[in-house]
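Notes follow once the structure below has been shown.
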There are 4 protein chains.
Amino acid sequence: MTDPSLAVGGRREELLRAAARVFAEKGYHGARISDVAEEAGVAYGLVYHYFRSKDELLETIFHESWGRMVAVLESLADSPKPALERLRLVTTALLRTWQQEPDLVRVLVREVARSPQLQDRAGEFGAAFTVIRRVIEDGQASGEVRSDIDARLAAWIVYGALEEILTGWVLGQLPDDDDAVAQAERTLADVVFGGIAR
Amino acid sequence: MTDPSLAVGGRREELLRAAARVFAEKGYHGARISDVAEEAGVAYGLVYHYFRSKDELLETIFHESWGRMVAVLESLADSPKPALERLRLVTTALLRTWQQEPDLVRVLVREVARSPQLQDRAGEFGAAFTVIRRVIEDGQASGEVRSDIDARLAAWIVYGALEEILTGWVLGQLPDDDDAVAQAERTLADVVFGGIAR
Amino acid sequence: MTDPSLAVGGRREELLRAAARVFAEKGYHGARISDVAEEAGVAYGLVYHYFRSKDELLETIFHESWGRMVAVLESLADSPKPALERLRLVTTALLRTWQQEPDLVRVLVREVARSPQLQDRAGEFGAAFTVIRRVIEDGQASGEVRSDIDARLAAWIVYGALEEILTGWVLGQLPDDDDAVAQAERTLADVVFGGIAR
Amino acid sequence: MTDPSLAVGGRREELLRAAARVFAEKGYHGARISDVAEEAGVAYGLVYHYFRSKDELLETIFHESWGRMVAVLESLADSPKPALERLRLVTTALLRTWQQEPDLVRVLVREVARSPQLQDRAGEFGAAFTVIRRVIEDGQASGEVRSDIDARLAAWIVYGALEEILTGWVLGQLPDDDDAVAQAERTLADVVFGGIAR
DNA sequence: GATGAATGAGATTTCATTCAT
DNA sequence: AATGAATGAAATCTCATTCAT
């Protein structure tokens, strides 16, 4: 099997992508291992050749994609630009992921971010908070951001707004065509930076 | 009436409260009917006298509590006060519920909001968004709120911020003593109303 | 279901007996839970109502039957008779079990006594050794038994001889009609008591 | 040649020894082909170059080692010595094998002797009984052994005693240092030859 | 109302075996 | 000879739901 259409990765990555698609469509609990195998076009025992359990599949999807995501966010947060500009870059990057990898976002938003074991993954999720919080604190240090608000709570609020917009898209309750995405990016920045009050 | 909790008294309500506790702790899928029965101190066959299925249990928790919640929010949103003041009342009411019924909030946030059948409940969930959105539109009409942002997206953002703070409390990652709750209320209002930019 | 033919015990005991029969016929590994359920005439899942796992089924058969067995042996060993007579009673009781509960003996001999986890059960098995050893030591004290042999090793040898005869019956390699059983009892006693040398 | 062990040298023999070690530790059913391969330090596909199946592995261990063992016993039984002396040589040879190849003994005792297909191997196993029995019958002919006991049953008893002592060593319940082994040999001969009665 | 025994569909997981390289 | 990816039958176990008492 040397199908060149699967440019990136081998069977393992193929399975991870198939799993993300299936979990996205049916939910983690609604998906059977055989669905994943079928989606990947392999026998279902093969899933267990690469992953110890169904749970490890979800865990791996989370770890690897979230790790990449956090790396991107950190590089954006470290660029030599004004804090507010960097904050905009970070939030935009998070929102854009939806368009690039909707299945992945769907899984992260619906299955991982709200699972009962979220506790265990809090640390990894927290890395994204930390990025946002650090940018906000930079802004307070540079005078771009008000000093009378708690940076940690503000980061929490920003992250929640982001996740809810993504959720709206995931659930099909907010329009997600290119224009709508651009508008969402703008509105989020407007509200976060300038508030809603006139 | 500012208490959207499940009404007290009677086996049925006892079971609903027990189910909320169990679902909150283990998640809907991780919870067994026998766990619910055990938590309520009854035989598990009895659950089926009061509810047709496990799903109906969740459905009932959602309907009865969310309906009350929306009623409370609507009454607050309809009071003859400035729009921003009403918005603050609404968000505060949502946050305060956490303190009164943490298990309930946990279930609503984690289990109901992400279930595959969310489509069916979108209307009911949307009622809360609608309340927030209407208040924001009122504010735009009265000039209290900027007209250059989309009220619907703004409502979405506000709701997301709220839910994230609740999640932070649920996960024990944000302090939830009285002072911290008050501060969260203030910060949320500050950010939403005035933005973070100086 | 109030079938009076199953005079002893309820469903649980019915299942244990069925499991012993199935394990005896197919071996522990060759037996499926569904075989046990079918043999007992109940639905599959019911087995798990009474026992946590297939292993617990085997474990329970062992515990309960071995416990009864040891109690019998101990009562025989404690009777106010000469040591050699008591030793004969004990060995005879063990051999007679084959005729009374062949399936049980088959399971104990083939599945339990040689399982890799035998270590864990050594203590319980050891109770039978202890009975035999104590009788031999009593005999040494009273002068009935030679003092120049190690009681522990002698007990081990007696027990091994017993188990091998049972194994011969289990595997159908030794005749087990009433006469043959009586002869085996006699020969065992002869050899153990008097040796084979003339 | 008094070494019934699996012949040294070559991948095939390496695999047989590895299999014996793994079967001894985990039991036949608890052992995976991959465990055997890992123990031998080869890829597990290779096992299938040398053996058709897992079962053939066990079968081969049995045939090759048991065949050698029986040959050794037969040569001892055929030596021109008194019957009781030859019996002592035979039992001692069996016990000594334990010290040389404990894993092998463990497998023969626990896995082969109790497998459901034992019927097929009964003949081969029986060869050892036959050796013992023949020596006893020789003894009866020569007057060394009492004629009033059944030689076949006596052979079973002797074999059972042997196996139980081996089991005690396998399970670590009997001491197996050189002195203890020598004492076991002596005690076994004492009991079998002279009985325990004074 | 209340109990918990009984059912059985359905899912995960294991692992001997095959086979392409 | 050697590797290990790939297969899939088969087994265990779970648990929502039903039902007799």
* Think C/Y48 has a side-chain N or O under 4.0 angstrom from the OP1 or OP2 of F/dT14? -> no
* For the side chain to side chain contact (heavy atoms under 4.5 Å, CB included) test, which of A/V36, A/L57, A/L104 pairs with A/L16? -> A/L57
* Asked: Does A/R11 make a side-chain N or O approach to OP1 or OP2 of F/dA6 shorter than 4.0 Å?
  -> yes
* Can you tell me if the side-chain N/O atoms of B/H49 get under 4.0 Å from OP1 or OP2 in E/dA2? -> no
* Cationic N near anionic O, under 4.0 Å, A/R114 to B/E163 -> yes
* To do: Please figure out whether D/L46 or B/R52 has its closest DNA chain F nucleotide nearer the 5' end.
  => D/L46
* Rounded off to whole Å, could you give me the CG-to-C1' distance for the A/L57 and E/dT12 pair? => 13 Å
* Is the phosphate of F/dA6, meaning OP1 or OP2, less than 4.0 Å from a side-chain N or O of A/Y50? -> yes
* **Ring centres under 6.0 angstrom apart (A/F125, A/F62)** => yes
* **Rounded distance (Å) that lies between atom P of E/dA5 and atom CD of C/E13** => 13 Å
* **Along DNA chain E (nearest heavy atom to each residue), the more 5'-positioned of C/G45 and D/G30** => C/G45
* Of the nucleotides E/dT3, F/dA16, E/dT12, which has the atom closest to the B/A43 side chain? -> E/dT3
* **Atom-pair distance (CZ on A/F51; C1' on E/dT14), nearest Å** => 18 Å
* Expressed in angstrom and rounded to an integer, what is the separation of C/K54 atom NZ from F/dA10 atom C1'? -> 12 Å
* To do: For C/H29 and E/dA16, give me the distance from atom NE2 to atom C1', rounded to whole Å.
  => 15 Å
* Structure fact -> Dot-bracket for DNA chain F, 5' to 3', Watson-Crick and G-U pairs with both distances under 3.5 Å, [ ] for crossing pairs, | for partner on another strand, reads .||||||||||||||||||||
* Asked: Do NZ/NE/NH1/NH2 and the carboxylate oxygens of B/R21 and B/E101 come within less than 4.0 Å?
  -> no
* To do: Could you check how far CG of C/L15 sits from C1' of E/dA5, rounded to whole Å?
  => 12 Å
* Asked: Looking at residues at least two apart in the chain, or sitting in another chain, which of them share a salt bridge (charged side-chain N to carboxylate O under 4.0 Å, His left out) with C/R106?
  -> none
* For B/S53, which contact category applies under a 4.0 Å heavy-atom criterion: base, sugar-phosphate, or nothing? -> sugar-phosphate
* Answer with base, sugar-phosphate or nothing: what part of the nucleic acid does B/A31 contact at a heavy-atom distance below 4.0 Å? => sugar-phosphate
* To do: Please evaluate the base of F/dA10 for a donor-acceptor partner in the side chain of A/Y44 within a cut-off of under 3.5 Å?
  => yes
* Length of the line joining A/D55:CG and E/dT13:P, which is rounded to integer Å -> 8 Å
* May I ask you to say whether A/E59 pairs ionically with A/K54, meaning some side-chain N is under 4.0 Å from a carboxylate O? => no
* Asked: Mind checking what makes salt bridge (charged side-chain N to carboxylate O under 4.0 Å, His left out) contact with B/E56, not counting sequence neighbours?
  -> B/R52
* Over how many whole Å does the gap from A/I33 atom CD1 to F/dA10 atom P extend? -> 21 Å
* Point-to-point distance, once rounded to the nearest 0.5 Å, from NE2 of C/H63 to CZ of C/R121 -> 8.0 Å
